[in-house]
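Have a look at the structure below, then the notes.
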Amino acid sequence: MTVKEMQERKKELGFSYAQISELSGVPLGTVQKVLGGITLTPRYDTLMALERVLGERETAAVRETAAAYAVKKQGGYTLDDYYRFPEDVRVELIDGVIYDMTAPASVHQIIGGYIYSRLLQYVLDRGGACLPMIAPVDVQLDCDDKTMVEPDVVVVCDRDKIIDRCIYGAPDFIIEVLAKSTRKKDSVIKLNKYLNAGVREYWMIDPEKKKVIVYDFEHDEYPVVYGFDAKVPVGIWDGAMEIDFAEVYEHARFLYER
């Protein structure tokens with residue numbers, strides 16, 4: 001979203017600079033300078049914070065739920081606020097910050113769905129407690145009221161963590177398929193959250209660069225980067241199962257060749 005688009009959106013919504021500052025957590029003076037055209041090269045973090053407020057989907061969600069709860073500064077939201085969002089508005093809550101989740105692209109769904117099917121088939125063939133699950137599924141990662149994430153694919157080996165409304169605690173294995181809108185969140189914010197919460201293994205799949213970035217947190221040497229021509233071992237199963245990314249690519253090839 002460009003600064004000009006944000007300026008137009010501000011007029012459309014009738015937000016004051018003070019309201020935008022309160023919603024985004026960006027200092028009032030900074031909001032005035034960016035949206036007033038004084039700061040010509042705003043910081044990326046500032047633009048993302050403003051876009052979360054002025055973007056179409058999240059602003060609509062905030063406005064719909066404003067009557068249900070007092071508007072809070074980013075960092076102050078809890079699960080009570082998370083559950084007040086309409087069911088058709090997808091968001092994540094991370095350390096009290098609300099992040100909008102735009103609809104995933106087709107390649108995102110195709111890759112995630114294919115890998116989930118391979119993980120599920122492996123478990124069905126061999127038995128065991130581990131259970132692969134695919135989004136949408138809520139993960140109350142830290143077992144507190146400040147974080148609820150929705151990874152693309154998870155494997156949970158302690159089924160006591162699977163309760164009716166969510167996965168309560170850290171999954172053993174998480175996969176996120178990167179998109180332009182989620183790249184920073186998945187590769188920085190979520191990476192650190194997953195590591196600190198006790199996730200054993202985390203894969204980031206980059207469809208655009210045809211890369212798989214693997215963080216096997218149980219071993220010292222990470223990340224390991226693979227191409228879409230590699231067979232990537234699943235660390236939580238000691239490499240007994242591999243995902244052949246040549247097959248993954250073949251499954252989605254028609255999208256790349258258009």
Worksheet item: Which atoms form the tightest heavy-atom contact between N192 and V188, and what is the distance?
Response: ND2-O, 2.8 Å
Worksheet item: Is the backbone N or O of V177 less than 3.5 Å from a side-chain atom of D152, with the two atoms forming a donor-acceptor pair by type?
Response: yes
Item to complete: Report the distance from atom CD1 of I163 to atom OH of Y168, rounding to the nearest 0.5 Å.
Response: 7.5 Å
Fill in: Check: F245 and K210 side chains under 4.5 Å, non-hydrogen atoms
no
Practice prompt. State plainly whether the residues D142 and K193 are in salt-bridge range, i.e. N to O under 4.0 Å.
Written response: yes
Worksheet item: side chain to side chain contact (heavy atoms under 4.5 Å, CB included) between F254 and I110: does it pass, once the steps are laid out?
Response: CA-CA 11 Å; F254 71 99; I110 289 171; 3.6 Å; yes
Worksheet item: How far apart are the closest heavy atoms of V214 and Y222, and which atoms are they?
Response: O-CB, 4.1 Å
Worksheet item: Between the main-chain N or O of S24 and the side-chain N or O of Q74, is there a donor-acceptor pair closer than 3.5 Å?
Response: no
Worksheet item: Do the side chains of P171 and L141 get nearer than 4.5 Å, heavy atoms only?
Response: yes
Item to complete: Report yes or no: does S16 contribute a side-chain atom to a donor-acceptor pair with the main-chain N or O of Q19 at less than 3.5 Å?
Response: yes
Worksheet item: Applying the 4.5 Å side-chain criterion to the ILVMFWY set and letting contacts propagate, would M204 and I243 be lumped into a single cluster?
Response: no
Fill in: Neighbour count above 12 (heavy atom, 6.0 Å) for R126 CZ
yes
Worksheet item: Which word best sums up how the rings of F173 and W203 line up, parallel for under 30°, tilted for 30 to 60°, or perpendicular for over 60°?
Response: perpendicular
Discussion item. Tell me whether D206 contacts the main-chain N or O of E208 through its side chain, where contact means a donor paired with an acceptor under 3.5 Å.
Written reply: yes
Worksheet item: Would you say the side chain of E51 lies within less than 4.5 Å of the side chain of L47, judging by non-hydrogen atoms?
Response: no
Worksheet item: Which distance, rounded to the nearest 0.5 Å, do you find between the CD of E247 and the CD of E242?
Response: 10.5 Å
Response to the item:
Separation between CG (L119) and CE (M241), nearest 0.5 Å, reads 4.5 Å
Practice prompt. State yes or no: are the ring centers of Y256 and Y249 separated by less than 6.0 Å?
Written response: yes
Practice prompt. Taking the side chain as every heavy atom from C-beta outward, state whether V31 and L50 have any atom pair closer than 4.5 Å.
Written response: yes
Discussion item. Does K211, at its NZ atom, have more than 12 non-hydrogen atoms belonging to other residues, nucleotides or ligands within less than 6.0 Å?
Written reply: no
Worksheet item: Distance from M101 atom CE to T182 atom OG1, nearest 0.5 Å?
Response: 8.0 Å
Worksheet entry | Minimum side-chain heavy-atom gap E150-V139 below 4.5 Å | no
Discussion item. Hydrophobic clustering (ILVMFWY, side-chain heavy atoms < 4.5 Å, transitive) - are V149 and Y202 grouped together?
Written reply: yes
Worksheet item: Is L178 reachable from V212 through a run of hydrophobic residues whose side-chain heavy atoms are each under 4.5 Å from the next?
Response: no
Practice prompt. Drop me the distance from I167's CD1 to L131's CG, to the nearest 0.5 angstrom.
Written response: 8.0 Å
Response to the item:
Result for salt bridge (charged side-chain N to carboxylate O under 4.0 Å, His left out) between E176 and one of K190, R183, K185 points to K190
Worksheet item: Are any side-chain N or O atoms of T78 and backbone N or O atoms of K146, one a donor and one an acceptor, separated by less than 3.5 Å?
Response: no
Worksheet item: L255 and S106: side chain to side chain contact (heavy atoms under 4.5 Å, CB included), yes or no, with the steps?
Response: CA-CA 8 Å; L255 288 174; S106 297; 4.2 Å; yes
Worksheet item: Got Y116 and I175 here, is their nearest side-chain heavy-atom distance under 4.5 Å?
Response: no
Discussion item. Does K10 qualify as a cation-pi partner of Y17, given the criterion of NZ or CZ under 6.0 Å from the six-membered ring centre and within 45 degrees of its axis?
Written reply: yes
Fill in: ILVMFWY cluster, F217 and I189 together (side-chain gap under 4.5 Å)
yes
Worksheet entry | Minimum heavy-atom distance M133-I162, with the two atoms named | SD-CD1, 4.0 Å
Worksheet entry | Side-chain heavy atoms of W237 within contact of V155, under 4.5 Å | yes
Worksheet item: Do I213 and V232 share a hydrophobic cluster, counting only Ile, Leu, Val, Met, Phe, Trp and Tyr and linking them when any side-chain heavy atoms are less than 4.5 Å apart?
Response: no
Worksheet item: Where do V89 and F85 come nearest, in terms of heavy atoms and distance?
Response: CG1-CD2, 4.3 Å
Worksheet, complete the sentence: Rounding to 0.5 Å, atoms CG (L79) and CG (D144) come to a distance of 7.5 Å
Response to the item:
Tightest non-hydrogen contact, residues R90 and P104, listed as NH1-CD, 3.7 Å
Worksheet item: Is the closest side-chain donor-acceptor distance between Y82 and Q140 under 3.5 Å?
Response: no
Item to complete: Before accepting this row, confirm whether a basic side-chain N of the pair E5/R9 lies closer than 4.0 Å to the acidic partner's carboxylate O.
Response: no
Practice prompt. For E221, look at atom CD and say whether over 12 heavy atoms of other residues, nucleotides or ligands are found less than 6.0 Å away.
Written response: no
Discussion item. Can you give me the closest heavy-atom contact between A197 and A170, atom names plus distance?
Written reply: O-CB, 3.4 Å
Worksheet item: Do the side chains of L93 and I98 get nearer than 4.5 Å, heavy atoms only?
Response: yes
